[in-house]
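Since the structure is predicted, the reported quantities are computational estimates derived from the model, not experimental observations. Residue numbers start from 1 in every chain, and the chains themselves are labelled A, B, ... in the order their sequence lines are given, proteins ahead of strands.
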Protein chains: 2
Amino acid sequence: MIYVSRLREIIKAEKQIIVAEQHAIPEDPYEQLRVAIAAVFNSWMGRRAVDYRRVNRIPDSLGTAVNVQAMVFGNMGTGSGTGVAFTRNPSTGEKKLYGEYLLNAQGEDVVAGTRTPNPITQLKKELPEVYKEFASIAQLLEQHYKDMQDVEFTIERGKLWMLQTRTGKRTGAAAVRIAVDMASEKLIDRATAVRRVTPEQLDQLLHPTVDPKTDATVLATGLPASPGAAQGQVVFSPDEAEELAREGAKVVLVRQETSPDDFHGMVAAEAIVTARGGMTSHAAVVARGMGKTCVSGANALNIDYSQQQFSVDGNVVTKGEWITVDGSTGRVFLGQVPTVRPNLGPDFYELMNWADKFRRLRVRANADTPRDAKVARGFGAEGIGLCRTEHMFFGEKRLAAMREMILAEGVGAREKALEKLLPLQRADFVGIFREMAGLPVTIRLLDPPLHEFLPSVDDLLSELAELKMAVRGAATLANMDKLLDEIDEKRTLLKHLIRMREANPMLGFRGCRLGLLFPEVTRMQCRAIFEAACETQGEKKKVALEIMVPLVSLSEELRQQAELIHEVARQVMGEHGMTIEYHVGTMIELPRAALMADHIAAHADFFSFGTNDLTQTTFGLSRDDSSRFLPSYIQNKIVSDDPFQVLDRDGVGQLVRLGTERGRSVKADLKVGICGEHGGDPRSIAFCNEIGLDYVSCSPYRVPVARLAAAQAALEVAAAQAALDAATEAAKAESTPEPALSVASD
Amino acid sequence: MIYVSRLREIIKAEKQIIVAEQHAIPEDPYEQLRVAIAAVFNSWMGRRAVDYRRVNRIPDSLGTAVNVQAMVFGNMGTGSGTGVAFTRNPSTGEKKLYGEYLLNAQGEDVVAGTRTPNPITQLKKELPEVYKEFASIAQLLEQHYKDMQDVEFTIERGKLWMLQTRTGKRTGAAAVRIAVDMASEKLIDRATAVRRVTPEQLDQLLHPTVDPKTDATVLATGLPASPGAAQGQVVFSPDEAEELAREGAKVVLVRQETSPDDFHGMVAAEAIVTARGGMTSHAAVVARGMGKTCVSGANALNIDYSQQQFSVDGNVVTKGEWITVDGSTGRVFLGQVPTVRPNLGPDFYELMNWADKFRRLRVRANADTPRDAKVARGFGAEGIGLCRTEHMFFGEKRLAAMREMILAEGVGAREKALEKLLPLQRADFVGIFREMAGLPVTIRLLDPPLHEFLPSVDDLLSELAELKMAVRGAATLANMDKLLDEIDEKRTLLKHLIRMREANPMLGFRGCRLGLLFPEVTRMQCRAIFEAACETQGEKKKVALEIMVPLVSLSEELRQQAELIHEVARQVMGEHGMTIEYHVGTMIELPRAALMADHIAAHADFFSFGTNDLTQTTFGLSRDDSSRFLPSYIQNKIVSDDPFQVLDRDGVGQLVRLGTERGRSVKADLKVGICGEHGGDPRSIAFCNEIGLDYVSCSPYRVPVARLAAAQAALEVAAAQAALDAATEAAKAESTPEPALSVASD
């Protein structure tokens, strides 16, 4: 009776709230049902639903359905209960029932995390008959749907009711293991296994974890809700998380517990920490689905939203402070803790092997150092698609020589400075050639504007201002003399800097323009490359060399640079009495290059689309400056994706397609690849596959993702073709075929 | 005998020079002839020949011929002589024999300017029979060639020999007058008259002259060898002229006399001054051909090459000092003297009228102020193709309001600042609408990056450094307080500046990106435009308004901005109870816009190709930064012309053509124009004519040139068509035509 009276009180209170918001409450139960159904339909346009669809790329036009069914109750005493479970472990993929339940509770109690539930294995002891039935149904469902299931159930006075089954969300590790296991169990075939792991899930596997050797302060330990390691500044509201992330900050969202209203903040955060809730709480499920690090149920956290801080055992952490979250172990650290790359298990390599069997596109890596090259090869890169030589100049000693070269007056002085750089570059190339023995290495000649290697004008102006003040306060005349000398020196440098400063360096004196005005730079680089190739080949390691000329817009630029490359090649090979197999090609990274690809191809053995710069110039959009308005463009649906992340098929893609076609129209065997950031993006890779590129090149850690995406793109095409063939076959079977007529012709 | 012995001495001396350079001297006259012929052929690749061809766009592959003929001598006493003459005055076009001669002299003596020759009219007195014969031959030659002739003659012991006749070089004024006169004389038809004046010659007519009211110091007076007024820093060597001009300096080349070896320096100079030589000296003829201001034979100049200075009556002018050259009167002024625009005679207007009859392309002007609009209309502009609203913000009061708007925090503060700008913009628009009543006016919404309106970071840093030093030296505490306040203020501004600074402003937060992020800016501009239109229309002056959205790359950008424009239009028209006819269109100035023109056209009434920015993005080439390498590109034939001067047909032109075709594929009546610098370049205009654009828009002073170039382009097409028709006709006459078969069909 107490129970009923409490219910009545609650109903009364709720009614008052509804009436206060000026809604009439219908007394007719059918009318109530109608209103409830309408509420579900209306939820389709609610903020959290819209946000969710945006992140998961679900079209707004899809709509939703409403099921009306009788209610069962899990809160009818200790013989009743409710729970959720996965047919396999959604964190590790282990083939073992995994879930939680609460007796005398309703579904919301488990999911919302307001009570901490029991592991499903405990049900075996509490209600063995029910458990047995449940386990058998779960297995049946998995067999039927041929995928890991996420099921919800309620026990009403000892009777098991299945409420729902759906394909379970899982971590990357679980996705790989489940796919490989199910293929081994013959539940699915290998193509299906390869298609079932999303590139995002695979990417998760490659995410860092907290360095096991760390001795950083553990603030709190919760549940390892979604693996990976991430760092960010603490924020407490989802709106703030979104806002700060838009400004480029890395944030960790800390909440008592999350609800679907927090979704946009979870998207924006690097990681999520909750004080309450279990492994299947909202925070945990959503974070796993997004591959986002999450620790849930860190009970020790004492969160104070009003003060924008939380405390643990007397330690107070305020908004803006850095924390590190380890979703694999459930630990939360104070500050920025070092992270390490993960160890990959045999399932991963197995799946990658299967993927390689299906793909047509080759996958290379962008690598500038022997170390990067080694990592890339370890991840299965089939060559280096982009080796940026400028990154080699950034060591302290090298930078000094580079600056000397840049500030040199006249060819003679420049050549002298270049002589110092030659052995350094050569040694780098030898290291890379050794690591990549037998695989192609594409080396790009010097590309960025020279002033990138010099100090900034602002810095120098500040230094000068300080020196001038120091002169005023100088204690001795000798001291003053020294300071004045220093001022003179810095003034000379400043003059140089100002002379070299460019209004739009991205569109300035860079790329092959450098090599054409200062051929001695190209000559030094080529000498370093060919000497390194000879040295490596002398060690019986095969070098497959490709030299790439950057920022070509006029075919004559490439012709003249290629001529110079061949000249140095002949020289060095003559000196070493060796033959190096090499190719000369160009980046296609300016709209004019794509438009004139047929002329440019006459001087090129290969093309590599530099889609970063091609996107910048095609859109007239500087990547460095776009953050001011691009997020609002995406928000306001002016553009569907950041074109620097996902290749813009309509515009930039048109140029890539056209450049490829025109290039091959004059040189059928022209090798064509892509080496922008897009080379590691699955949707962009699908496009590259579609238009017949030969390879994609991406950062070393993206290589496995690219291999998988390339396989999936090929399988997609094959599936579409099979569907088409089947339809054609069916149409053929339906119509009465005409007998074929053979007509003689001479 | 003295004469012969001097000749022998000269021969001996010359032989020694030749032998010293290790050439054997053949004694066989036929061998001598062969070597002489070879020398002529070899001269084709000499520096001055190569330079000349480059400037005059003569292909290197053309080659040269050698004529061998008997020599006649003008230096056989006073009954002999030599001279050059034009059948009409090459400076003014007056129909009157014009030239110079020297008795007892050879041709080189006249041309090189080493002796000052006599006017041709004097020959009438000295050798009347010869003069009569010469005058009659000159007229015959002009009638035959139907153009003004430049003839050379020698009189050998009383007998007249014609050495050469060719079409005479002339000034712009002469070209116009001769063309119009010859058409009036029925020597040529009007189409020929229009085709005969080059755009460069017409442009000369529009060049400035020295302000007649000036009281500046006249340094010297020479011959008015080539009209116009120009200013520059004095240089004495052609190499130096070329070098300084490449760095952006304006120079005047001052020489004793010029020779073909000086050609490259003359090309680089703003004007040429020589101390010796007549109206047909090398300097005079070459300068007139290039439309370059020249004063020749300024005998008072005492040039000292070694000291890099010249003196006139004790005034010493050193290298680097500014002088002003008036080629129309022959005066040389010290310093930079104000210049004024020329008065155009009836011949000019007559020729322009004829040109207008032949052209298909409309010609508009780029004009930002009522004054510019008035000038443009005076020159025959048929509308404004580009009115840049940002130029209106550069007055002192306006700039302050603009800065307030830019630095405003939040929409409210920004709108308050915009309210101050509204009446200023409106007044500008009213002025422009009044001037252009009845003609279309295309107004472009705010385009440049906002930091263009703010002081530079460097300046502010310097100011801050100075303020800091001032604090140290402050006499009173109150003074110091004031200075510290100022420092605080400047620091706040600096923070803003640094936050707004962009890596590549050309590709940054500008164009419609501003209007989309700050719709209140677009709203203010549109309100100013529509209020001005209502006001002007209230005065019974017709407004033909076109609003142009800049820097569109995504069709959605245009759709959203157009929506906003329509909204404000409806509002303002409602408030005024008036209807304004207006169109909304967009600049096509990014490669993506051209590629996606079919999508963009759905929201546009017109396109205007902004070929400046389109060239920058298609080439990946910043106009501001290209001067470092573009001249060397042209020198080394990597590119044939500066793509910012002459539209790059192959690359950028491909996008213009494709954008036009795609735009019209969805909207057949789409109005398409061009408003980059190329709109005033004759070769680019020919291209615009060829691909079917509706109009070109150029700077007001280029409008006549564009009208002429558009007519010539149309005549060129007509001539080619006529030639094709004739060939077809001829082919038809030759073949036996089949009788036409009429086949019935339903």
Would the distance check show the side chain of [X] and the main-chain N or O of [Y] forming a donor-acceptor pair, the cut-off being under 3.5 Å?
X        : Y        : answer
B:Thr522 : B:Phe518 : no
A:Arg662 : A:Leu595 : yes
A:Asp625 : B:Ala503 : yes

Distance check, rounded to the nearest 0.5 Å: [X] atom [atom1] versus [Y] atom [atom2]?
X        : Y        : atom1 : atom2 : result
B:Leu446 : B:Cys512 : CG    : SG    : 11.5 Å
A:Glu242 : A:Gln635 : CD    : CD    : 6.0 Å
A:Leu493 : A:Leu497 : CG    : CG    : 4.5 Å

With a 4.5 angstrom heavy-atom cut-off, could you sort out which part of [X] is near chain B: side chain, backbone, both or neither?
X        : answer
A:Asp650 : both
A:Thr618 : both
A:Glu557 : both
A:Leu590 : both
A:Asp648 : side chain
A:Leu517 : side chain
A:Glu502 : both

Let's test your reading of the structure: which of [options] forms the most heavy-atom pairs below 4.5 Å with chain A?
options                      : answer
B:Leu655, B:Val552, B:Leu621 : B:Leu621
B:Leu554, B:Asp624, B:Asn636 : B:Leu554
B:Val457, B:Leu658, B:Leu516 : B:Leu516

Best-contacting candidate, [options], against chain B by heavy atom pairs under 4.5 angstrom:
options                                : result
A:Gly620, A:Ser555, A:Gly651, A:Ala594 : A:Gly620
A:Ser626, A:Ala593, A:Ser632, A:Ser553 : A:Ser553
A:Gln560, A:His599, A:Met506, A:Arg623 : A:Met506
A:Lys637, A:Arg510, A:Met596, A:Gln616 : A:Met596
A:Glu466, A:Arg559, A:Met469           : A:Met469

Against chain A, label B:Ile638 side chain, backbone, both or neither, depending on which of its atoms sit under 4.5 Å from a heavy atom there. both
Contact summary for [X] and [Y], nearest pair of heavy atoms:
X        : Y        : result
B:Val646 : B:His678 : C-CD2, 3.6 Å
A:Glu677 : A:Asn612 : N-OD1, 2.9 Å
A:Gly659 : A:Ala597 : O-CB, 3.3 Å

Do B:Tyr633 and A:Glu556 get their side chains close enough for a donor-acceptor pair, meaning under 3.5 Å? no
